[in-house]
Structures are given as C-alpha cells and as structure tokens.
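Taking it in order: structure first as structure tokens, then the write-up.
Here the structure is a predicted model, which means the values were calculated and not measured. Below, chain A is the first sequence line, B the second, and so on; all start at residue 1.
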Amino acid sequence: MTAATPAPVSATGSAEAGLVLEDVTLVLGDGDDTVRALDEVSLSVVPGELVAVVGPSGSGKSSLLAVAGALTLPTSGRVVVDGVDTASAGRRGRTRLRRDHIGFVFQSGNLVPALTAADQLRLPGRFGGRREHRDPVELLAEVGIEHKADRRPHQLSGGERQRVGIARALVTGPRVLLVDEPTAALDRQRSQDIVALLAREARTHEVATVMVTHDHDVLHHCDRVYEMIDGSLRAFEG
Amino acid sequence: MFLAIRELRFARARFALMGSVVALIAVLMVLLSGLSVGLVNDGVSGLQKMPVTSFAFEKGVPHDTAFSRSVVPLSAVDEWKKQPGVEDAAPFGNTLANAHSDRGLPVDLALFGVEPGSFVDPTPAEGEPLGEDPHGIVVSQTLLDQGLRIGDTITIDRIGTELHVIGAVDGQHTYGHVDVAYLPLSTWQQIKVGARPGEPVSDTARAEVTAVAVRADGDVDLAAGDKAADTESLTKEKSYGASPGYTAETSTLMLIQVFLYAISALVVGAFFTVWTIQRRQEIAVMRAMGAPTGYLLRDSLVQSLLLLVASAAAGVGVGVGAGALIEGTSMPFALSAPSIVVAAVLLVVLGLLGAAAAVVRITRVDPLTALGGNR
C-alpha cells in the first residue's frame, strides 16, 4: 500500500467501489461571512449507476462535484472514491486520484483548443501514471464521432464537443465519472442523445456516474434523481 | 512536448509574430556585436597586436588621453628594464598625422615610433623591417588594401617630412580609427615636435617619448616600477581607454545591448503572460483532470524554449548574412563567432527567464474554475 492508495476504509474491510459521501458538509468563506454550500450530504453511487442531481443555481451542485472529484476537501464528513478517502490521500494523492480514478465531463466539453479530437483523448496519457488507457480511436467510435478524429474543437458542433469530452473522461478507465451540466449548450434532441450515451457508458463500463443538471427532460435516463436545495440533498419528486 | 508542439502549430500566427520580434532583436544583436568588435578593432587593434603587457605613462596623466598627452624621459626606459619581473622595456612614441602619398592618396596615420630592433619593432609580413632607412615606415596591411604600395613615398602635411613605405605588417593594425605606421624613434621625434626636414631637433625633444612599453611576467610589481621610474602604468587592456573615442563608443554600444536584452526578456515575458491568461480555462480543466503542475510548467517552458531557440537561430542567420555584406564595406564591422554565440545564448536564457516568470501563473490557476459556467 502506498500513500496514494490508503487501506480500504469500509467496516467490512473490502474496498468501497464507486463513490461514497458520508455526512459531507462544506463551509465556504471565512469569518462571519460563511455559506454552508453542502449540509450533511450523504450519497452512495455504485459502479454502473447514473445518478442525477438537479436544483437551482447556487444550490451547491458544483460544490458537490468539487468534493466528490477531490478538488476540494469537505469541512466535515467523508468522501471515498474507489475506496480512497480524499482527505487522507494528500495533495499529490488527490491529483493522482483525479488522474487515475475520476473522470470529469465539463460544460460544453471544455476541450483544449489546440488539440484534435483524437489528441484530446491522448492528452491524459501524458499526465503520467502506468495504467493502461483505452484506445482513443476505438473510444471515439463508441461515442459515435470516429469520423471527426482529426478535427479541433472549433471545427466541432456542441454535441460533438460533448461527445469528445465524454470520451476523454472515459479514456483513463475511471471508476467514478462526474458530469457538470452536459446539456447546457445543446438543443433538446442532442441533449437526449448525450445523456442516453452517458447512461449507456456508465452501465457498459461499470462507472459510478453523478450528473449535475437542470434539464428535467433528460432525467428518465437516470437510475436515481436527487434534488439539491440550499446545500441539502433529498430525493427528487418529479 | 505533446501539448507544446501542438499549441505552437495551432496558434502559429501568434507565435510567429512573437518569434519575429525575437528574431529581429537577434538580427540587431548580431549587427551590434559586429559593430562593437569592428569599433574595438578600429580603435585599438594596433595596441592589441603589440607584444606589450603594460605602458608606463607620465605621472598624473589623464587616463582617457594618456597616449596624446604623456611625455616620459628616455631614462625611464632603463629604470623599467631594471625592475624585477620585467622581461623587456622599450621607448614608444605615439602621434597622429595627416599625410598624402606621392600618388595623391590621402592617408591618416597613427605614427608609432619605436627603436629599430627593440621588442616592439614589428616583423613585417611583406617588405623590409625598420632600420637602414631612417625615414622608412612599416604600415598596417589595411593601408595596402586602400591602395598604398610598398615603395610609395608619403609626405606629412604642413611639415613636409617624407616617409618611405618599406614594409607592411599582416592584418589590421589601427589606433583611434587610423591606420598604424611604425617608424624609427628619431624620425617620430622629428615629426612630433613639428621640425621640417633639415631643421634641428632639440636635445630635450630627443630625450622624450610618449611612454615606456613594458613586457613583463605575472610577478611584476607595476606600482614599484612606477615609483622607481616616476611614471604611471596602465596595463595594455586599460590603455585601450586612452585611444580616442574608445570608451565612449564601447560604453554606448554596451548600453544599447543591455537595453535590448532587457527589452527582449520583457517582451517575451509579456507575451507568455497574455498567452497563459488566455489558456487559464484549459489549464484549469487539465489540472482538474489530474495533470501534475510540474508537467504543465515543463510543457510551457519547453514551448518558450522552442520558440526562442528557433527565432534566435533565424535572427542570427539573417544577421550573419547581413553582416557578411557589411564586412565588405568600409564600416568598422567584424563578425566574431564567440560574441555572436554569447549574444544568442543570452537572448535565449533571458527570454526563458521572462517566460518562466509568466508561466508560473499556471500554479495559481484553481482547477475548481473548470466547474460551473466559468468561461
């Protein structure tokens, strides 16, 4: 066991697969001017599941992704990604955790402008690590844009950019996929296609997927739906 | 390098713009270095080529005009010969004169008066050495390039002293931008005091020279020698400052070059600052994806190194080409490989420092900004 992969933390002694948040509270700001961005949030997503979180702007959806993605440490509570507690992993350990075990899909893809679609998928391999990555061309075919492999982001449509973004997040073979407003810049039909793709990828590759969105039309693709209001998470009643 | 090269290719117009600024500065650097070397050659190559380690001038003489003002007695030469560590000492006379050759060619001369046979008496590459003819002179090769020939007679303006070109030394021998002519000390004294041919030269003038040329080993105590001979010594390198205009020329060019280095480092720094700010969103995304900061910093520095090396190399190439053309003209210009290499390396290293100061911003990019609608 190295510092990057601490011993399994579950009571039974086996690694907790997927994503587990236990009583996570995140207080932002300091002094008198503080905001409880997350208030005792508990959430467990197993591999193969697609969980959606809806809620108004500023309700804490982005904070949820930040703590689940090891970008921020919670003020209290525990975040366990693929068996690793983010608080005990250390700074470098969290960078490695994001590199090797977590995939991010950002709004409108957030691709690197200089890189072709295929190179976007090759980039994570340059960040180090010894894990075998998936074949970029095969993965682009899987998300349906193998014919645009040599196009740069500005030569792709919004939906195509998002497909490249999904493929890029999956190329490292992560156990947890965090998706931030994937349909923000897409029309209705493209939104359906993208979320259907996410659900399919989550299932076939056994990835615990959390999607933050305020697009209620795509929720039927998801296994569970939660609602975030003022930092509290609860089941969403359509 | 993966990202660095692809970005260079992707934003090639922007990088080409930046690269051409660096390349133009490199061209200017090469030309300025050629000009400095050329001016140094023009100013002091005659002194540089003398087998001398120091000159003993008159005590208290101003250092910037030592060669034109100093008068020392011949007796100082014997005093210097006796100093421990001094291998040889000889009288040296220095004066500038206007003249014209018998074929009507106007020539300006730096007359170096030396005792024939002494250690400062040069060995000509062509023609005869000083000695038999008291009015014979050995000139710089550069005078022959200007059309003077061995066997020509040169007449000093106003006083009408006739000098015979009997030999020439190899290469450029100039002093204060004027070609050097070596002549016997007695004739030099005659010209120095302005005596027309046949006019007597006083005994006092016969006993005076400009300085004592000294060749010594490393152990010589110049201060002790100065005390004994009542002189003031300048090492050969320090004596260059006494050549007309030398200090002003070299310090002006040095100032321009220092400014150019500073400007290029700042311009490169400013470019990469803007470039890094433009890339902030993608840097945040890559850091969120688990890119180590070291990887991103290394990649950006490699990118600036590639840009700097390529554009400096292009600039040096153009500069050397232009310099080769200038070298054929009468401009004081000489390309010197070591000084060009030093200039190019300094340009790259300082540019890299400027870029480094800019790309450290990468470490301050918060990967959290990759989330949400921050664009």
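For CG of A/Asp187, the number of neighbouring non-hydrogen atoms (other residues, nucleotides, ligands) closer than 6.0 Å is greater than 12. Counting heavy atoms of neighbouring residues, nucleotides and ligands inside a 6.0 Å radius, atom CG of A/Asp230 does not exceed 12 of them. A/His216 NE2: more than 12 foreign heavy atoms inside a 6.0 Å radius. Other residues, nucleotides and ligands contribute more than 12 heavy atoms inside 6.0 Å of the CZ atom of A/Arg134.
A tilted orientation is assigned to the rings of A/His154 and B/Phe10, their planes being inclined by 30° to 60°.
When heavy atoms are compared at a cutoff of 4.5 Å, A/Thr95 approaches chain B by way of both its backbone and its side chain. Heavy atoms closer than 4.5 Å to chain B are found in the side chain of A/Arg168, but not in its backbone. In this structure, chain B has a heavy atom under 4.5 Å from the side chain of A/Leu115, while its backbone stays farther away. A/Pro174 does not touch chain B: none of its heavy atoms, backbone or side chain, sits under 4.5 Å away.
Note that CG of A/Leu71 and OG1 of B/Thr369 are 9.5 Å apart. Values are rounded to the nearest 0.5 Å. With rounding to the nearest 0.5 Å, the separation of CZ in A/Arg92 from OG1 in B/Thr293 is 8.5 Å. A distance of 10.0 Å separates CE of B/Met1 from CZ of A/Arg126, quoted to the nearest 0.5 Å. Remark: A/Leu111 CG to B/Gln281 CD distance equals 11.0 Å, nearest 0.5 Å. A distance of 9.5 Å separates CZ of B/Arg6 from CZ of A/Arg152, quoted to the nearest 0.5 Å.
Heavy-atom pairs under 4.5 Å with chain B were tallied for A/Ala66, A/Ala114, A/Ser57; the largest tally goes to A/Ala114. Interface summary for chain A: among B/Ala11, B/Ala284, B/Ala291, the most heavy-atom pairs under 4.5 angstrom belong to B/Ala291.
Shown here for B/Leu3 and A/Val112, the closest heavy-atom pair between the two residues is CD1-CG1, 3.9 Å. The nearest pair of heavy atoms linking A/Leu123 to B/Tyr295 is CD1-OH, 4.3 Å. Taking each heavy atom of A/Pro113 and B/Glu282 in turn, the nearest pair found is CD-OE2, 3.2 Å. Taking every heavy atom of both residues into account, A/Phe106 and B/Ala370 meet most closely at CD2-O, 3.3 Å. B/Arg287 and A/Arg98 make their closest contact through O-NH2, 2.9 Å (heavy atoms, listed as atom of the first residue, atom of the second, distance).
Side-chain contact between B/Phe2 and A/Asp119 is present, with at least one heavy-atom pair separated by less than 4.5 Å.
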